[in-house]
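The chain is numbered in sequence order, starting from 1.
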Amino acid sequence: MEQDFGTNYRCRKCLTRDMAGLEDYFRSLREYIANLNEEIRVPAALYEERLAVCRQCDLLLDGMCRSCGCYVELRAAVAKRACPWDKWVAAEDGTAQSRQ
């Protein structure tokens with residue numbers, strides 16, 4: 001599904017990093033994630049695994065979770081965070097599992 005935002009078209013089921021035309025708007029979010037302290041951030045592979053789960057979720061809308069209102073990219077980056085629907089769990093040691 002696409003929605004018209006002036007001259008920009010975007011997918012309503014995208015992550016913020018996939019939204020064309022809104023790059024500057026979400027740059028600070030991505031910079032914040034990139035600069036998270038290593039002690040609280042999940043490994044890159046686990047981050048991508050979590051995002052893959054979120055991309056398949058019906059609750060993803062415009063990069064946000066309609067269940068809790070978070071930006072899923074930020075929630076997925078933090079080790080102690082979990083999906084509000086238990087589709088992926090908090091990582092205590094960086095080895096969290098998905099619950100698909």
Side-chain angles (χ1 to χ4, degrees):
M1 293 182 282
E2 291 185 353
Q3 188 169 354
D4 184 355
F5 288 90
T7 59
N8 294 321
Y9 288 91
R10 64 187 170 124
C11 173
R12 305 271 300 167
K13 284 280 289 176
C14 292
L15 299 173
T16 59
R17 67 183 180 183
D18 300 328
M19 293 182 189
L22 297 174
E23 188 67 27
D24 291 335
Y25 184 77
F26 293 112
R27 186 181 325 275
S28 63
L29 174 65
R30 287 191 301 279
E31 287 174 1
Y32 180 82
I33 292 168
N35 291 310
L36 283 173
N37 188 313
E38 298 252 350
E39 295 174 6
I40 65 169
R41 188 174 50 207
V42 296
L46 180 55
Y47 178 64
E48 293 302 327
E49 179 184 324
R50 287 176 169 191
L51 293 181
V53 172
C54 292
R55 276 192 180 105
Q56 300 303 312
C57 184
D58 291 336
L59 296 171
L60 177 64
L61 181 67
D62 291 338
M64 295 179 72
C65 174
R66 291 186 294 161
S67 176
C68 67
C70 75
Y71 284 110
V72 297
E73 287 154 286
L74 180 55
R75 179 178 289 268
V78 178
K80 292 187 177 184
R81 299 287 184 232
C83 168
W85 287 88
D86 290 328
K87 293 184 179 189
W88 47 266
V89 297
E92 294 182 25
D93 62 359
T95 59
Q97 308 166 356
S98 294
R99 293 184 179 174
Q100 292 186 28

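Between the side chain of Arg50 and the backbone N or O of Val89 there is at least one donor-acceptor pair closer than 3.5 Å.
Atom-to-atom distance recorded for Lys80:NZ and Ile40:CD1 is 9.5 Å, nearest 0.5 angstrom. The distance from atom CZ of Arg75 to atom CE of Met64, rounded to the nearest 0.5 Å, is 11.0 Å. Going from atom CH2 of Trp88 over to atom CZ of Arg81 covers 9.5 Å, rounded to the nearest 0.5 Å. Put simply, CZ on Arg66 and CG on Leu60 are 8.5 Å apart, with the number rounded to the nearest 0.5 Å.
Shown here are the salt bridge (charged side-chain N to carboxylate O under 4.0 Å, His left out) partners of Arg41, two or more places apart in sequence or in another chain: Glu38.
With contacts defined as side-chain heavy-atom distances shorter than 4.5 Å, the pair Val78/Leu36 qualifies. In this structure the side chain of Cys65 reaches within 4.5 angstrom of the side chain of Pro84, judged on heavy atoms.
The minimum heavy-atom distance between Trp85 and Leu59, with the atom names listed, is NE1-CD1, 3.0 Å. Residue Ala79 comes nearest to Val42 through the heavy atom pair CA-CG1, 3.3 Å, listed as atom of the first residue, atom of the second, then distance. For the pair Val72 and Leu51, the tightest heavy-atom approach, listed with the atom from each and the gap, is O-CD2, 4.1 Å.
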